Protein chains: 2
Amino acid sequence: MKAKRNPARLFNLLAETFKALGDSSRVQIVWALSHGELCVGDIAKLVSMSPSAVSHHLRTLRNLNLVSVRREHRTLFYSLDDIHINGLLTEGIDHVEELIP
Amino acid sequence: MKAKRNPARLFNLLAETFKALGDSSRVQIVWALSHGELCVGDIAKLVSMSPSAVSHHLRTLRNLNLVSVRREHRTLFYSLDDIHINGLLTEGIDHVEELIP
DNA sequence: AGCTCACTTGAACATCTGTTTAAATGAGAA
DNA sequence: TTCTCATTTAAACAGATGTTCAAGTGAGCT
């Protein structure tokens with residue numbers, strides 16, 4: 001693990017990133033997107049939430065570059081932004097699966 | 001990414017785990033511990049916090065099995081609980097370092 | 001026993017967070 | 001243009017969260 005130029009800013013961003021994943025609604029959304037891109041309505045059905053609530057969560061995920069968007073006609077398709085997001089998810093799952101016997 | 005037996009419980013634990021890392025004080029503590037075990041007082045100095053605040057944070061990290069303790073005389077030494085914690089940290093750092101040019 | 005040191009705990013406080021509801025946007029069809 | 005559909009946005013609320021301060025624990029020394 002190497003040193004960094006602006007530790008305070010990096011730790012803040014790092015904490016914000018984990019915080020974005022630190023909500024069971026959002027982590028379910030990210031999990032759903034780890035299988036492929038989805039539009040807001042489909043995410044809402046998959047995680048049993050209102051489109052409005054999903055949209056709010058997607059905004060916080062977008063703000064931290066955890067997801068990205070693509071427009072097709074009237075529909076917005078969301079997907080995970082980079083490989084590290086999947087890595088965080090699998091590493092997290094590996095950790096918690098050791099806790100549940 | 002495989003399926004799970006009790007999705008709701010697993011997602012909750014997963015979210016709690018990320019939430020525990022989703023605080024700049026705690027992520028600094030975890031970062032400090034990624035270099036080796038430390039006692040409470042030394043952590044407090046490293047992250048410029050009161051021992052009390054550090055102790056509170058260590059409890060939430062302990063509750064989620066992110067850190068573990070070892071006693072030596074009057075001193076408690078904390079360390080990261082398993083390899084996945086380091087993995088989460090490095091994966092998170094890799095992600096945010098791409099965001100800061 | 002009494003004393004000190006390293007740490008933990010509890011209560012209080014202001015601040016932040018997720019969800020709901022209702023209204024608004026904006027792209028495309030008619 | 002007007003209408004519809006997919007999504008976003010704003011305001012509001014209850015519930016959660018981090019930090020501080022003061023008090024409490026309990027191990028080891030004298």
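In the text below, chain A, chain B and the rest are named by the order of the sequence lines, each starting its count at 1. A quick note: this is a predicted structure, and the numbers were derived from the prediction, not measured.
B:Leu21 contributes atom CG, which lies 7.5 Å from atom CG of B:Leu89 (distance to the nearest 0.5 angstrom). Atoms CZ and SG, on A:Arg71 and A:Cys39 in that order, are 12.0 Å from each other to the nearest 0.5 Å. The line from CG of B:Leu76 to CD of B:Glu72 is 10.5 Å long, rounded to the nearest 0.5 Å. Atom-to-atom distance recorded for B:Ile85:CD1 and B:Ser68:OG is 9.5 Å, nearest 0.5 angstrom. Taking NE2 of B:His95 as the start and OG1 of A:Thr17 as the end, the distance is 4.5 Å to the nearest 0.5 Å. Distance check, rounded to the nearest 0.5 Å: NE2 of A:His84 to CD of A:Glu91 gives 13.0 Å.
One atom, CG of B:Asn12, and another, C1' of C:dG18, lie 14 Å apart when rounded to the nearest Å. We find that CD of B:Glu16 is positioned 12 Å from C1' of D:dT17, with the value rounded to whole Å. Across the protein-nucleic acid pair, A:His57 atom NE2 and D:dT9 atom C1' stand 15 Å apart, rounded to whole Å. As a whole-Å value, the separation of A:Glu37 CD from D:dA6 C1' is 16 Å. Per the geometry, CG belonging to A:Leu64 stands 14 Å off C1' belonging to C:dT17, to the nearest Å. A straight line from CG of B:Asn63 to P of D:dT17 spans 12 Å, rounded to a whole angstrom.
Residues passing the salt bridge (charged side-chain N to carboxylate O under 4.0 Å, His left out) test with B:Glu37 are B:Arg70, sequence neighbours excluded.
At least one side-chain heavy atom of B:Leu33 sits less than 4.5 Å from a side-chain heavy atom of B:Ile29. Using a 4.5 Å heavy-atom threshold, the side chains of A:Val69 and A:Phe77 count as separate.
Near DNA chain C, defined here as any heavy-atom distance below 4.0 Å, there are no residues from residues 43-50 of chain B. Contact check of residues 17-27 of chain A against DNA chain C (heavy atom, cut-off under 4.0 Å) returns A:Lys19, A:Asp23, A:Ser25, A:Arg26.
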Report summary line: Once base and sugar-phosphate atoms are separated, protein heavy atoms under 4.0 Å mark nucleotides 25-30 of chain D, 5' to 3', with B, S and - as --BS--
Query raised in the report: Base, backbone or nothing for each nucleotide of nucleotides 8-14 of chain C, written B, S, -, heavy atoms under 4.0 angstrom, 5' to 3'?
Result: BBB----
Enumerate, atom names and distances included, each donor-acceptor pair closer than 3.5 Å involving a side-chain atom of residues 47-63 of chain B, sequence neighbours excluded.
{"from": "B:Ser50", "atom 1": "OG", "to": "B:Ala53", "atom 2": "N", "distance (Å)": "3.0"}
{"from": "B:His57", "atom 1": "ND1", "to": "B:Arg26", "atom 2": "NH1", "distance (Å)": "3.1"}
{"from": "B:Thr60", "atom 1": "OG1", "to": "B:His57", "atom 2": "O", "distance (Å)": "3.3"}
{"from": "B:Arg62", "atom 1": "NH1", "to": "B:Tyr78", "atom 2": "OH", "distance (Å)": "2.6"}
{"from": "B:Asn63", "atom 1": "ND2", "to": "B:Arg59", "atom 2": "O", "distance (Å)": "3.4"}

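The side-chain contact (heavy atoms from CB on, under 4.5 Å) test with B:Leu80 singles out one residue from B:Leu66, B:Val67, B:Leu88, and that residue is B:Val67.
The aromatic rings of B:Phe11 and A:Trp31 sit perpendicular to each other, their planes meeting at more than 60°, with 30° as the lower class boundary.
Under the 4.5 Å side-chain heavy-atom criterion for Ile, Leu, Val, Met, Phe, Trp and Tyr, A:Ile83 and B:Leu99 are members of distinct hydrophobic clusters.
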